[in-house]
Asks: 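Got a structure for you, written out below as structure tokens; questions coming shortly.
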Amino acid sequence: MAAMTDEEARAQLRERQGAGARYDSVAAPAQDLILARRGTAYFARKLNELSDAALDAPSLVPGWSRRYVVADVGYHARGLARLVEAARQGRPQEILSEPENQREDVAFGATLPAHALRYLFHHSEVHLNVEWRDLDEAAWRASVRTLQGVAVSAGRTPWLRARAIWQRAVDLDNGGSYSDFPPELLDALRDEAVASGTGDGARLPGMILAAADRDGETVVGTGGPRVSGTMADIVRWLCGRGARRLSCTSRLPDLPANPVPARN
């Protein structure tokens, strides 16, 4: 039996849920939402595999325990939910309505008891998902300024979440791998890394990326040495998580660590 497409699966789900259920707007960026939700499930699985004591172990982020990673993921969702809420309400600026109850400092969050840290992740992802499903077409097109004054489109928030949570699942250092990422996510991460890493203030040298599991090649800058490997290993390297199983026609360039961007 042929596998269902995402659209067929959504249609069957709506039929099962019936009238009155809440759905994403037809104007929503469906593919990015799928990637974000699949990434949330992937992160949840990697987190649930860890005992409470194991949360104290180091993550792949220098200087961070796994606790820091979980707190960062939870606060990231809260921040995006506030942006989406502002778009839904027609406000131009993100606000903290109860700042005394929303200490979103990762170092503070990492000190929470294990059960509270797990609840932070679960509650924040549910809240963000509800906010997404409440957006209408106009709200999806709206732009909101963050607390730092950066303009972010509501339509971009699913991609920001997808990009962050899949990589943070790897950062938990519990068997998460770029090889588990959907192909379309890997391609998008490569394109974004190349676009942001070239031009003024470039962090990427000129080179040619040749993924063994893709057709064609990607020329970075003016070109240079040829870097070969799977797309997963190339993207892992481009995203500042180190080089594995890559070959290069000259010395492989050393790329700086590139932490997951927050909300822009």
Side-chain angles (χ1 to χ4, degrees), residues 28-36 38-39 60-61 72-73 76 79-80 83-84 87 140-146 148-171 177-264:
Q31 185 59 49
D32 288 344
L33 282 169
I34 289 171
L35 290 175
R38 287 180 176 173
L60 293 182
V61 180
D72 183 67
V73 166
H76 181 260
L80 290 179
L83 291 177
V84 176
W140 274 115
R141 294 196 304 266
S143 182
V144 175
R145 291 197 172 274
T146 67
Q148 293 73 36
V150 178
V152 177
S153 166
R156 183 166 166 77
T157 57
W159 165 248
L160 296 176
R161 186 56 172 173
R163 177 182 67 182
I165 200 162
W166 279 98
Q167 294 187 82
R168 284 301 189 221
V170 174
D171 290 338
S177 171
Y178 280 76
S179 297
D180 294 334
F181 289 17
E184 59 271 28
L185 175 64
L186 289 172
D187 292 347
L189 288 171
R190 174 205 54 196
D191 293 345
E192 185 173 81
V194 169
S196 64
T198 54
D200 294 338
R203 61 178 288 271
L204 297 181
M207 56 186 163
I208 299 171
L209 303 175
D213 47 348
R214 297 290 192 279
D215 294 328
E217 298 175 339
T218 301
V219 178
V220 181
T222 57
R226 190 171 186 268
V227 179
S228 304
T230 65
M231 182 61 78
D233 287 334
I234 288 174
V235 170
R236 182 184 192 278
W237 175 62
L238 289 175
C239 291
R241 299 309 196 276
R244 291 181 181 175
R245 299 177 291 270
L246 296 177
S247 61
C248 185
T249 53
S250 63
R251 182 180 179 275
L252 187 69
D254 293 322
L255 299 186
N258 186 27
V260 180
R263 291 189 289 147
N264 52 53

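Remember, predicted model here, so these are calculated numbers, not experimental data. Values below: all heavy atoms of this structure, side chains included; hydrogens, waters and symmetry mates excluded.
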Asks: Can you find a heavy atom in the side chain of Arg244 that is under 4.5 Å from one in the side chain of Trp237?
Replies: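 No, every pair of side-chain atoms sits at 4.5 Å or beyond.
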Asks: Say whether, by atom type as modelled, one donor and one acceptor occur between the side chain of Trp166 and the main chain of Leu35 under 3.5 angstrom.
Replies: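 Looks like yes, one N/O pair under 3.5 Å.
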Asks: If you look at every heavy atom in Asp213 and Met231, which pair is closest and at what distance?
Replies: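 That would be OD1-N, 2.9 Å.
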Asks: Could Asp32 and Arg156 be called an ion pair, given the rule that one side-chain N must be under 4.0 Å from one carboxylate O?
Replies: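 Looking at Arg156 together with Asp32, the answer is no, because their closest N to O distance does not fall below 4.0 Å.
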Asks: Given side chains that start at C-beta, do those of Leu252 and Ser247 come closer than 4.5 Å, heavy atoms only?
Replies: no
Asks: Would you say the side chain of Leu185 lies within less than 4.5 Å of the side chain of Arg38, judging by non-hydrogen atoms?
Replies: no
Asks: Show the nearest heavy-atom pair for residues Ala87 and Ala154, with the distance to one decimal.
Replies: CB-CB, 3.9 Å
Asks: Kindly give the heavy-atom pair with the smallest separation between Leu186 and Val235, and that separation in Å.
Replies: O-CG2, 3.4 Å
Asks: Where do Leu238 and Met207 come nearest, in terms of heavy atoms and distance?
Replies: CD2-CE, 4.0 Å
Asks: First locate atom SG of Cys239, then atom CD of Glu192, and finally report the distance between them rounded to the nearest 0.5 Å.
Replies: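 With rounding to 0.5 Å, SG (Cys239) is 8.0 Å from CD (Glu192).
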Asks: If I compare all heavy atoms of His76 with all of Leu160, which pair ends up nearest, and what's the gap?
Replies: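 Looking at all heavy atoms of both residues, the closest pair is CE1-O, 3.6 Å.
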Asks: Under 3.5 Å, is there a donor-acceptor pair linking the side chains of Asp233 and Thr230?
Replies: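 A donor-acceptor contact under 3.5 Å links the two side chains.
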Asks: Taking C-beta and beyond as the side chain, do Ile234 and Thr218 meet within less than 4.5 Å on heavy atoms?
Replies: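 Sidechains of Thr218 and Ile234: no contact.
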Asks: Would you call Val220 and Val227 a side-chain contact if the rule is heavy atoms closer than 4.5 Å?
Replies: no
Asks: Contact between Trp159 and Ser153 at the side-chain level, heavy atoms closer than 4.5 Å - yes or no?
Replies: no
Asks: Considering all heavy atoms of both residues, which atom of Gly206 and which atom of Pro225 are nearest to each other, and what is their separation?
Replies: O-CD, 3.5 Å
Asks: Without swapping roles, check the side chain of Arg236 against the backbone of Arg241 for a donor-acceptor pair under 3.5 Å.
Replies: yes
Asks: With no hydrogens and no angle check, is any side-chain donor or acceptor of Thr249 less than 3.5 Å from a backbone partner on Arg226?
Replies: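 Judged by distance alone, yes, a pair lies under 3.5 Å.
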